[in-house]
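Indexing begins at 1, ligand by ligand and atom by atom, following the structure's order.
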Amino acid sequence: MKMMMMMYLSLVMLMHIVMLDWAQAAHSVYPRIRLTHKELWQLNRTWVFQGHGAPLQPQTMVLDEGHGRLYVGAKNAVFSLSLDRVSAHHKEIQWGSTESQIEECLMKGREQPECANYIKVLQPYNHTHLLVCGTGAFNPLCALVRVGHPGQDKLFALEEEGVMSGRGRCPYDPNSPCTSTLSRGELYIGLYTDYWENDGALCRLNNQTYTRTEKMDRQQLTEPKFVGSVVIPDNDDRDDDKVYFFFTERGMDSDGVNKAVYTRVGRVCANDQGGQRMLVNRWSSYLKTRLICSVAGPDGIDTHFDNLEDVFVLKDKDEKNPEIFGLFSTISAVFKGYAVCVYLMDDIRAAFNGPFAFRERPEHHWTPYEDKVPYPRPGSCASKVNGGGFSSSKEFPDEVLRFVRSHPVMYRPVLPQHQKPVLLQTEQDGRKLTQIAVDRVQAQDGHYHVLYIGTDDSVVLKVITIYNKDTNTMEEVLLEELQVFKVPVPIKEIIISPKRQQLYVGSEVGVAQVRLHQCDLYGSECADCCLARDPYCAWDGFTCSRYYPAGVFTKSRRFRRQDVRHGNAVQLCNGLQIDDEKWQRAEEKVVYSVESNSTLLQCVPRSLQAKVLWFLQNHGEKREVRGDERVIMTSYGLLILRTRSSDSGVYVCQTVEHGYIHTLLRVTLHVLKGERVQSAIHAANGGEGSQCSSFSSSSSSSGLLPGPSISPRTGSHSRLWYKDFLQLIGYGDAQRVEEYCERVWCSDKKRKKNKRKFVPTGGEKRGRGRGEENSQRAPRHTSDT
Ligand SMILES: *[C@@H]1O[C@H](CO)[C@@H](O)[C@H](O)[C@H]1NC(C)=O
Ligand SMILES: *[C@@H]1O[C@H](CO)[C@@H](O)[C@H](O)[C@H]1NC(C)=O
Ligand SMILES: *[C@@H]1O[C@H](CO)[C@@H](O)[C@H](O)[C@H]1NC(C)=O
Ligand SMILES: *[C@@H]1O[C@H](CO)[C@@H](O)[C@H](O)[C@H]1NC(C)=O
């Protein structure tokens with residue numbers, strides 16, 4: 001037993017190491033651009049609808065392009081937001097529980113906060129109505145909401161007289177997982193149908209019939225967690241439409257001893273009417289199989305990502321073949337990793353058309369079922385394409401129904417495209433990935449999937465993944481990291497409007513609307529734009545702007561330059577800007593330092609993925625600054641401790657990214673003797689030297705700063721320079737003589753305030769939870785007055 005435990009642990013540790021290996025190989029841990037909520041705001045790139053204290057239920061968010069509205073359920077309310085600006089002109093329906101409903105709920109032993117009407121289902125019903133269902137204080141209710149004809153956006157009202165029971169179509173518990181989709185007037189839903197959450201079911205409802213999975217059948221569903229659902233046609237015969245459900249469930253092996261969780265795709269025929277004598281009001285076509293998302297380790301040990309967090313169906317012009325994106329996590333308690341896998345419909349259909357799984361007894365292994373399968377093939381629909389011999393599933397032979405009832409599992413799982421994830425991440429600083437949405441973007445060198453991945457701390461990661469056929473490898477490019485809410489909250493839904501080029505991001509505290517791209521942010525030069533590798537953007541000869549594929553806007557297409565695949569600015573922008581010219585254009589600065597004081601030569605590249613190099617020119621020679629215990633390269637710039645007069649000279653800050661060299665800054669450093677400073681202070685003493693410049697205003701050199709981090713590029717010696725460093729960034733570029741004066745005259749109080757605001761949060765990345773530690777370590781008084 002102990003032996004096994006040890007083996008298990010070493011296996012887990014090995015897996016952990018392997019995981020880290022991929023994560024490092026796969027991508028840089030830095031996003032190229034990181035924008036805080038405030039920065040997004042200042043850039044006019046975002047609007048936020050605040051839920052007015054009512055916790056939102058963003059899982060119910062629905063995009064309605066026809067009316068130009070976004071609907072979102074909440075506690076005791078439904079909101080209709082404007083797609084143009086979610087923060088303006090919203091409409092609201094109040095739909096709370098009555099006093100008696102609440103009383104009844106409390107009597108059942110529920111807590112006050114649970115005894116409310118949490119909207120769990122919100123679906124477009126037809127052109128003029130929405131179907132909405134809420135938990136109704138543990139007594140589910142459904143109703144229709146009138147939204148009027150498209151273009152008529154004044155209307156938003158509950159059809160009060162039509163309120164009906166929501167039992168079987170809405171869970172009781174506000175936290176119960178459920179997924180629904182509405183197609184041709186019928187609601188398909190995966191949910192727990194009962195008060196005690198014992199009866200997980202996949203159902204279809206209209207006002208005549210209720211069809212569902214078998215009750216308490218562990219072969220069909222075992223402790224399911226419902227994640228997604230979609231109706232996908234198989235061919236041009238609508239009778240062959242299939243409904244797909246994505247969920248996780250417990251494994252069924254070894255009499256419930258094995259508690260493994262698996263991800264499943266299950267499906268039924270949309271026109272399934274159940275059986276006539278058996279399987280009455282039960283699916284006669286329900287089958288399921290496993291979705292695999294795994295990575296092969298070096299020793300043949302696969303790491304499986306078995307827990308489906310979210311699923312996104314990327315629709316295409318060919319509605320029969322959408323691409324399915326799954327966001328998965330590992331089950332392991334020891335380490336947490338995430339992966340995104342893409343599934344093609346051909347592979348899903350092949351698994352359902354393959355052999356059925358079979359086992360003699362629960363303790364036996366699954367094998368492919370090799371005997372004769374009855375006709376029509378179990379799981380197929382009553383349709384013309386299938387021979388047309390049956391007008392409804394009610395006519396299927398009992399033999400078929402019996403078979404499908406006893407063999408709901410397919411033998412073959414569905415493997416992802418390229419047999420591997422398109423994206424891999426280890427959990428960093430406890431940040432969890434929660435949601436995914438995908439946009440298909442046409443670029444000059446092909447089309448790209450732009451993945452928007454939501455986290456549990458208000459961040460949306462914008463990532464592209466590039467497949468290299470020759471090496472069979474994936475490259476992940478983390479384009480942007482956007483903090484869409486002010487406070488850290490889990491992101492519960494992401495919806496893309498390709499038409500408006502907007503992202504709508506839902507959390508309990510609000511809905512944020514964010515523009516998908518902001519090309520000018522990358523910089524105005526060809527190289528800036530090219531290095532960004534953002535498929536939405538291209539250099540147009542003047543600036544970095546939205547890229548439109550040929551035919552949309554043909555104007556000045558000759559000048560469009562873009563290289564998403566390689567980001568090869570050296571080649572692409574060659575001849576457009578000569579390096580010498582850039583040398584001229586680099587920002588110029590003069591900085592004064594007092595001998596034996598410390599100084600910071602600030603240089604923050606816009607891209608967090610760029611490598612920074614420093615050169616010093618003095619006495620006619622140019623050499624690279626390597627850094628030592630006195631000269632330290634930080635992500636803010638070059639920190640020189642105890643300056644000497646021999647440090648004087650011209651410092652050049654350059655970045656290298658994808659082999660492209662960019663000169664950002666030339667700083668002339670003058671190291672002054674102590675007495676000269678004293679006289680300079682006296683000279684400046686006439687004015688009141690009042691404005692204490694804060695870090696943010698004095699750091700405008702590079703436009704928007706990425707979040708502060710104090711990773712020294714040289715490692716070691718951190719203790720020695722940490723204090724100086726904090727003092728320096730606390731005052732911005734305090735090097736200039738005038739600022740020395742301010743330093744002497746500014747009140748302690750104001751200084752402390754500035755400092756608190758800009759204490760670096762530490763760590764390599766975001767240092768969540770570490771900020772406090774740093775601020776404690778930060779010197780309380782840096783006063784030298
Ligand atoms: C944002 O919009 C405001 C008002 O429309 C405008 O004054 C400001 O310049 C804009 N900011 C940016 C960065 O475009
Ligand atoms: C939508 O359904 C409602 C309720 O059944 C009905 O009153 C309404 O007329 C329908 N609208 C359209 C456009 O069919
Ligand atoms: C639901 O039932 C009502 C009355 O029984 C009927 O008028 C309506 O057309 C039905 N709706 C659907 C979608 O079948
Ligand atoms: C800077 O130099 C002055 C005078 O040499 C000294 O009094 C002061 O403490 C120094 N400040 C820092 C931050 O090293």
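When only interatomic distances are considered, the shortest N/O to N/O separation between H149 and ligand 2 does not fall below 3.5 Å. Residue contacts with ligand 2: H127 is placed with no nitrogen or oxygen under 3.5 Å of a nitrogen or oxygen of the ligand (distance criterion only).
When the SG-SG distance for C142 and C170 is compared with the 2.5 Å cut-off, it comes out at or above that value.
In the vicinity of N126, heavy-atom distances shorter than 4.0 Å reach the ligand 2 atoms 1 (C), 2 (O), 3 (C), 8 (C), 10 (C), 11 (N), 12 (C), 14 (O). With ligand atoms numbered from 1 in the order given, ligand 2 contributes 4 (C) to contacts under 4.0 Å with heavy atoms of L144. Each of the atoms 2 (O), 5 (O) of ligand 2 lies under 4.0 Å from some heavy atom of Y125.
Because its NZ or CZ atom is not both nearer than 6.0 Å to the ring centre of Y375 and within 45° of the ring axis, R377 does not count as a cation-pi partner of that residue. Geometric assessment of R250 against the ring of Y262 yields a negative cation-pi assignment under the 6.0 Å and 45° thresholds. By the 6.0 Å and 45° rule, R167 does not stack over the aromatic ring of Y172.
Within 6.0 Å of NZ on K108 lie more than 12 heavy atoms contributed by other residues, nucleotides or ligands.
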